[in-house]
Amino acid sequence: VHHFYSLQGVCKPGDSDKKGFSKLVVKLRTEFNKHGFYLSAAVSAVISKIDTYYEPTILQNNLHWLGLMAYDFHVAGDKTVGLTAPFFQYGNEDPTFNVKAAVEGWLAKGVSPDKLVLGVPMYGVSYTLADKTKNTIGSPANGPGFQKRALFYNEVRTRNYIVISQL
């Protein structure tokens with residue numbers, strides 16, 4: 001039986017939680033080494049959060065790999081239509097708000113490429129367009145589409161959704 005615990009949403013920005021997380025990682029690695037276990041962590045892909053929530057050198061030295069959560073850059077509740085995991089900067093988007101920038105951000109902080117595992121979304125989101133004639137990336141949205149949740153590949157494939165693919 002495997003038990004997984006999540007601290008997501010529990011940590012607050014600042015040195016106290018950041019240092020506490022680092023101490024936890026170091027202690028876990030010490031104990032895991034005794035049993036030959038691997039230690040990994042899922043980390044944010046938002047570059048501005050790296051220094052706020054993490055000590056990259058500690059993670060580099062104590063984790064076997066870092067799972068880069070390179071998704072949910074945009075969610076169905078956004079006020080404009082956006083890509084869940086844009087690979088590059090799109091249009092007027094923040095240049096740090098994409099997969100390429102996230103990977104480069106962690107590498108710039110000293111995490112080696114062989115430790116980064118890229119998390120890829122296998123789902124999409126739908127939006128309720130504010131104006132049905134404006135249906136491209138960046139168009140105004142009034143919130144989530146009728147599903148009000150992520151759409152998995154089999155749902156997108158088997159239903160008659162309008163897929164925005166003008167990249």
Side-chain angles (χ1 to χ4, degrees), residues 1-127 137-138 141 143-144 148-153 164 167:
V1 175
H2 299 283
H3 297 281
F4 298 95
Y5 300 94
S6 173
L7 299 177
Q8 187 175 1
V10 175
C11 296
K12 296 179 178 69
D15 281 345
S16 176
D17 278 354
K18 178 169 62 173
K19 292 193 180 306
F21 179 68
S22 293
K23 287 179 185 177
L24 174 64
V25 167
V26 170
K27 285 182 181 184
L28 285 173
R29 178 63 187 260
T30 300
E31 291 303 312
F32 278 31
N33 281 347
K34 295 175 185 176
H35 304 284
F37 295 161
Y38 289 100
L39 181 60
S40 67
V43 296
S44 178
V46 179
I47 293 173
S48 62
K49 292 186 178 186
I50 296 173
D51 289 329
T52 303
Y53 290 99
Y54 308 106
E55 293 182 284
T57 303
I58 300 290
L59 301 184
Q60 165 67 27
N61 294 336
N62 290 281
L63 295 175
H64 288 90
W65 61 84
L66 288 82
L68 185 58
M69 298 185 293
Y71 44 83
D72 291 343
F73 285 99
H74 291 283
V75 296
D78 288 353
K79 298 295 182 193
T80 58
V81 174
L83 299 171
T84 302
F87 198 75
F88 299 107
Q89 179 184 8
Y90 184 83
N92 293 328
E93 295 271 325
D94 178 337
T96 68
F97 215 57
N98 59 71
V99 175
K100 180 178 182 283
V103 170
E104 290 172 346
W106 278 96
L107 294 175
K109 296 293 181 179
V111 173
S112 59
D114 63 332
K115 288 205 174 189
L116 279 181
V117 177
L118 184 62
V120 179
M122 297 298 171
Y123 58 88
V125 296
S126 66
Y127 296 88
I137 303 297
K148 309 237 186 298
R149 62 170 175 77
L151 298 168
F152 297 97
Y153 175 75
I164 297 173
L167 301 177

Given side chains that start at C-beta, do those of [X] and [Y] come closer than 4.5 Å, heavy atoms only?
X: Y123; Y: D72; answer: yes
X: Q89; Y: K100; answer: no
X: T96; Y: S48; answer: no

[X] versus [Y], closest heavy-atom pair with distance:
X: F97; Y: P86; result: O-CG, 3.6 Å
X: L66; Y: W106; result: CD2-CZ3, 3.8 Å
X: S44; Y: K49; result: OG-CD, 3.9 Å
X: L118; Y: A70; result: CD1-CB, 3.5 Å
X: Y127; Y: T80; result: CE2-O, 3.7 Å
X: Y90; Y: E93; result: O-CG, 2.8 Å

**Asked** How are the rings of W65 and Y38 set to each other: parallel, tilted or perpendicular (split at 30° and 60°)?
**Response**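 The arrangement is tilted - the two ring planes meet at 30° to 60°.
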**Item:** Residues, nucleotides or ligands: over 12 heavy atoms within 6.0 Å of K109 NZ
**Value:**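 Atom NZ in K109 is not crowded, with 12 or fewer foreign heavy atoms closer than 6.0 Å.
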**Item:** Enclosure of D114 CG (heavy-atom neighbours >12, cutoff 6.0 Å)
**Value:**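 Enclosed.
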**Asked** Got a salt bridge between K18 and E55, using NZ or NE/NH1/NH2 to carboxylate O under 4.0 Å?
**Response**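 Between E55 and K18 there is no salt bridge, as every charged N stays at least 4.0 Å from the carboxylate O atoms.
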**Prompt:** Going from CG on N62 to OG1 on T30, what distance comes out if it is rounded to the nearest 0.5 angstrom?
**Reply:**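 Between atom CG of N62 and atom OG1 of T30 there are 7.0 Å.
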**Item:** Residue from I137, N98, V99 passing side-chain contact (heavy atoms from CB on, under 4.5 Å) with L83
**Value:**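 Among I137, N98, V99, the one that satisfies the side-chain contact (heavy atoms from CB on, under 4.5 Å) with L83 is I137.
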